[in-house]
Amino acid sequence: MPTLTCKSPIGPLTLTDENCAITRLDWGGGANDSTPMLLEAERQLALYFDGELTEFDLPLAPRASPRQLRFLDALREIPYGETRTYGQMAKALGISAQAAGQACGANPIAILIPCHRVTGTGSLGGFSAPDGIEKKIALLKLEGAASLLL
């Protein structure tokens, strides 16, 4: 599968393309493949980090169970600059808050599927990236959700 590492303000991000859809976003990397899909994803990520894009328009194909896919679809419904709590996600999907937290942590395409928009009640919760909380704060600030952090 082709992979491409993109520069970003929060560090290198490696995208994986399988059958013309993004299947993974990994932290770090050093891959240098080039497909039209990977180049488009890189372009959209650059626009996002420049504050010019609020919604990604990419085919995404995360490898996940049907239950996890349902959760990932719900994450994609959270608007740019807004957050939901693990409890709100759990209630909407009929699962436990702990299950919502685990599903967030298992998101294979972070940022593009915005798990960073889910927080704890009165806390930020976690984030799968190395230095996770710092990266989560950076993404929320970028989206104008910084007031939610205070």
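Counting heavy atoms from C-beta on, the side chains of T16 and I22 never come closer than 4.5 Å. Counting only heavy atoms from C-beta outward, the side chains of P62 and I113 approach each other to under 4.5 Å. For the pair F71 and N107, the minimum side-chain heavy-atom distance is 4.5 Å or more. Counting heavy atoms from C-beta on, the side chains of R84 and E82 come closer than 4.5 Å. With a 4.5 Å cut-off on side-chain heavy atoms, E55 and Y80 do not count as touching.
Follow the hydrophobic side-chain contacts under 4.5 Å out from L142 and you reach L47 in the same cluster. No continuous path of ILVMFWY side-chain contacts below 4.5 Å connects M1 to L25, so the two sit in separate hydrophobic clusters.
Between the D50 side chain and the E52 main chain, no donor and acceptor come within less than 3.5 Å of each other. Side-chain atoms of Q68 come within 3.5 Å of backbone N or O of A103 as a donor-acceptor pair. A donor-acceptor pair is defined here as one N or O able to donate and one able to accept, closer than 3.5 Å; no such pair exists between the side chain of D131 and the backbone of E134. Side-chain atoms of K136 come within 3.5 Å of backbone N or O of V118 as a donor-acceptor pair.
Atom-to-atom distance recorded for M37:CE and L58:CG is 6.0 Å, nearest 0.5 angstrom. With rounding to the nearest 0.5 angstrom, the CD1 atom of I111 is 13.0 Å from the CD atom of Q44. Put simply, CG on L112 and CG on L75 are 12.0 Å apart, with the number rounded to the nearest 0.5 Å. The distance from the OG atom of S8 to the CG atom of L45 is 7.5 Å, given to the nearest 0.5 Å. Here the straight-line distance linking atom CG of L15 with atom OG1 of T3 works out to 9.0 Å at 0.5 Å rounding. Taken from NE2 in H116 to CG in L124, the straight-line distance is 12.0 Å, to the nearest 0.5 Å.
A donor atom on one side chain and an acceptor atom on the other are found under 3.5 Å apart for T14 and T5.
Of all non-hydrogen atoms in G125 and I133, the two that sit nearest each other are O-CD1, 2.8 Å. In this structure, A61 and T23 approach most closely via the heavy-atom pair O-CG2, 3.3 Å. When all heavy atoms are compared, the tightest approach of G81 to A145 is O-CB, 3.7 Å. Closest non-hydrogen pair, A110 versus C115, comes out as CB-SG, 4.0 Å. The shortest heavy-atom contact between L72 and P108 is CD1-CD, 4.1 Å.
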I would like to know whether R63 and E18 meet salt bridge (charged side-chain N to carboxylate O under 4.0 Å, His left out); could you show each step before the answer? CA-CA 11 Å; R63 290 186 182 169; E18 187 174 345; 2.4 Å; yes
Start with the C-alpha distance between S34 and L39, add both sets of side-chain angles, then the distance that settles side-chain contact (heavy atoms from CB on, under 4.5 Å), and finish with yes or no. CA-CA 7 Å; S34 178; L39 294 174; 3.3 Å; yes
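Counting only residues at least two apart or in different chains, ring-ring contact (aromatic ring centres under 6.0 Å, His included) contacts with residues 22-57 comprise W27-F127, Y48-F56.
The pair R117-E143 counts as a salt bridge, with a side-chain nitrogen and a carboxylate oxygen less than 4.0 angstrom apart.
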